Amino acid sequence: MQFSKVQGKQTKHKVVLYALSTCVWCKMTKQFLKDNEVEFDYIDVDLCQEEDKQKIREHIQSKGGPLSYPTTIVDDNVVITGFRKDKLKEVLGI
Amino acid sequence: MTEITIESVRKRAEADARTYGYHLVPDPDLLQGLLEGLKVNEERYGYPSCPCRLASGKFELDRDIICPCDYRDPDVAEFGACYCRLYVSKDVYEGKQELPTVPERRPLEKQSRAYTAVSAPKETEAAKAEEKPAAPREEVKVMLETKPKLWYCKQCGYVVFRDDPPYVCPICKAKKEMFAEIKTRIDFL
């Protein structure tokens, strides 16, 4: 699975973002993380191979999240569904 | 084939909003982003599936999430906006109500189609090519099947041929419960 890495100064948390390339809310989440200099890995699920889509589905569901995008998983533990500035700020401490 | 432009996508959405008494989201950047997503999906799949949902690329399986999706009417009624928030209510448009977050109403079983649908036919084709009639996995087979039926609105008589009745009748706005299946019976005398 090919994740894209966005470098940032905030490296305290491991941030993984599952997004859709067509989704405006996913774009806003990427931009929000960039603006706050949060380092994160993202993947656009709609551009993935079928096997990878399955793995992503299993990963999101194993964390108890719904299959909605954007899904941000912080430290492989906290799931944030949707572009939720308040929750991102709270969990990432920004 | 006519070229798909942001303008044509916008005009179609505006016309639909007018017809059904909705508004497009007033924030220009948000609107632009949503229309761009719809344009990409229409170019990619041949139909404008929801930019905020994962599509399978198969028309029959994605039919409920082609914009305007099946879930728009109940979502605007309940929350003031549809799932991606392209369509909003009058109150949200006029700023009397904040743009809400809208939870996914699409059943999980339908969402799951996007994660298996495309790979399944490929497997079957490969099996055919090798002349090994390997049966597709039962799970996949079930998900690929759609069983459209005839439904009619008991209030206005509107008839539709699809898997489930619509959440809201597009003609008279009656709720899903007002729909009944049309069962045909042929008697041979």
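A, B, ... follow the sequence lines: proteins, then strands. Residue 1 opens every chain. Predicted model, so just to flag it, every value in this text is computed and none were measured.
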Gap separating the CG atom of A:Leu67 from the CG atom of B:Leu108, nearest 0.5 angstrom: 6.0 Å
Top contributor to chain A contacts, counting heavy-atom pairs under 4.5 Å, from B:Glu36, B:Arg53, B:Arg85, B:Glu104: B:Arg85
Exam field: side chain A:Trp25 to backbone B:Cys84, donor-acceptor pair closer than 3.5 Å: yes
CD1-OH distance between A:Ile56 and B:Tyr115, expressed to the nearest 0.5 angstrom: 8.0 Å
Which atom of A:Cys23 lies closest to which atom of B:Cys52, heavy atoms considered: SG-SG, 3.5 Å
Which portion of B:Leu30 sits near chain A, non-hydrogen atoms under 4.5 angstrom: both
Heavy-atom contact with chain B under 4.5 Å, split by part of A:Gln61: side chain
Under 4.5 Å from any heavy atom of chain A - which part of B:Arg106: neither
Shortest non-hydrogen contact between B:Leu54 and A:Asp46, atoms and distance: CD1-CA, 3.6 Å
Distance-only polar pair, side chains of B:Arg44 and A:Thr22, donor-acceptor under 3.5 Å: no
Enclosure of B:Glu7 CD (heavy-atom neighbours >12, cutoff 6.0 Å): yes
Proximal component of A:Ser21, with respect to chain B [non-hydrogen, under 4.5 Å]: side chain
